[in-house]
Amino acid sequence: MFFWARNKSLKREFEEKILEHIDSLYNLAIRMTQNKQDAEDLVQEASLRAYRYFDKFKPGTNFKAWIMTIARNIYINDYRKKLKEPQKIDFEEVQNSIGLSEISGAQEEIFSESIQAVIDNLPEELRTTIILFYVEGFSYKELAGIMDIPIGTVMSRLYTARQILKKRLSRSIYQKER
Amino acid sequence: MTIDCQGIKEYIYPFIDGQLDHSISLLVEGHLYGCPLCRLEVEQERNLDALIRRSIPKDKAPYSLREEIFRQIESWAERKNSRFFLPLLKPALITITGVFITFILFSVFNKPFPVFSEAVKGHIRFSQGNLPMGIVSAKAVEVSRWLQENLDFNVRAPDLSIQGAHLQGARVCILKDKRAAYLVYENSGHNLSVYMFEAKGLKFPKTKIVNVNNKIFYLAKEKGYNSALWIDGGIACIFVSDLNEVELLHLASL
């Protein structure tokens, strides 16, 4: 009887938690897989795996980081191999950045459109880093944990991503104006 | 300690990301306070960050996905429960059966042994005056002769007068479908019933067993009466009395 009751309350607790973070999970999944069907499958798999191992989750720790880690691991192990990696961007030194304080409303619109395309063309490591950092607001330390990399690597990935976005931004504004 | 415009470079991103240690953060702030150029750079980076944050597409999970996940959790929970209990089912059944059999055996073994029960019943009937004697005599020889005439097996009435038990009389009774000699003795106010019958086919009671002078006695206590059973030369002998176990064994063992 105790087993049933405990299971039931654990299940309810899990359902509440997963509901709270399902949008974040899906958003990460779709940025990683770049495909709606794969993203849904990945979220399902991550949710079910998290539920199965929910007794291993330490209460009081970051559930969101935990489930993101699970999703990322599934992606690495099951999806990345079968997916065609997007074209790698060469991280050439960014020289010609423009002053961002000068961006107008219209330019921001242009930027928003192009930034999605830019992000989609980033290597997966950078995409994931950007999403987890900008959208989900994880700290460097949490990012390091989720992606299983040193904090220094987190910082260099963020740096690289920012330089690329800056470069693309100036280029797109330059192209539109011309 | 202070930092210059070159030294601040590596701290700008961690600074705007709020990931710097408090002490270093204070150093950066100190430099920015006095350096408009670096201040501008930080401001630009902050603007870029805000822009990126606003521009990143944020997809919401479709409703059907939520439903599907909940459905899967539900079916997993059910499977998990049955998986948890199925492997337990077999051992549980074995355990229950084992306990059940043990219980039955236990209750069988603890059931008063039929021969003892009947012997005690007869003893009570005699004590209440409801069991007439076939022969009333204090003489063992007389009683033995009478028994030989009335039984198809050979028994002699034991002479217990040395131990202070005096023969009163005898009759023939049926004990567990067997004809048995029933003798009554009196030992300083206590009645002693003695049953003697052919031991062939007698199942030995699972009761207390004591060994006195290399003779095995099966002891039982029922309805307040002590019984002792032993077998000698193919004849089973049962003593029933309200005497205590030691007194009974003293009478029986000689």
Do the charged groups of B:Glu45 and A:Lys166 touch, with an N to O distance under 4.0 Å?
yes
Is A:Lys11 paired with B:Glu74 through a side-chain N to carboxylate O contact shorter than 4.0 Å?
yes
Enter the distance from [X]:[atom1] to [Y]:[atom2] here, rounded to the nearest 0.5 Å.
| X | Y | atom1 | atom2 | value |
| --- | --- | --- | --- | --- |
| A:Leu28 | B:Lys58 | CG | NZ | 14.0 Å |
| B:Ile52 | A:Tyr134 | CD1 | OH | 3.5 Å |
| B:Ser55 | A:Leu165 | OG | CG | 9.0 Å |
| A:Tyr51 | B:Phe70 | OH | CZ | 11.0 Å |
| B:Glu10 | A:Met155 | CD | CE | 7.5 Å |
| B:Ile73 | A:Arg12 | CD1 | CZ | 13.5 Å |

How about B:Ile69 and A:Leu48: do any of their side-chain heavy atoms sit closer than 4.5 Å?
no
Are any of the side-chain heavy atoms of A:Asp23 and B:Arg66 separated by less than 4.5 Å?
yes
If the contact rule is any heavy atom under 4.5 Å from chain A, which residues of residues 13-24 of chain B qualify, in numerical order?
B:Tyr13, B:Pro14, B:Ile16, B:Asp17, B:Gln19
Within a radius of less than 6.0 Å around [atom1] of [X], do more than 12 heavy atoms belonging to other residues, nucleotides or ligands occur?
| X | atom1 | answer |
| --- | --- | --- |
| B:Lys121 | NZ | no |
| A:Tyr53 | OH | no |
| B:Lys60 | NZ | no |
| B:Glu67 | CD | yes |
| A:Asp148 | CG | no |

Residue among A:Leu158, A:Leu19, A:Ile18 with most heavy-atom pairs under 4.5 Å to chain B:
A:Leu19
Under a 4.5 Å heavy-atom cutoff, which of A:Glu40, A:Arg162, A:Arg52, A:Lys36 has the most pairs with chain B?
A:Arg162
Is a donor on one side and an acceptor on the other found under 3.5 Å between the side chain of B:Asp59 and the backbone of A:Asn27?
no
Which pair of non-hydrogen atoms, one from A:Phe133 and one from B:Arg53, has the smallest distance, and what is that distance?
CE2-NH2, 4.2 Å
Interchain contact, A:Ile22 with chain B, by part (heavy-atom threshold 4.5 Å)
both
A:Ser47 portion near chain B, given a 4.5 angstrom heavy-atom threshold
side chain
Contacting moiety of B:Gln72, where chain A heavy atoms sit under 4.5 Å:
both
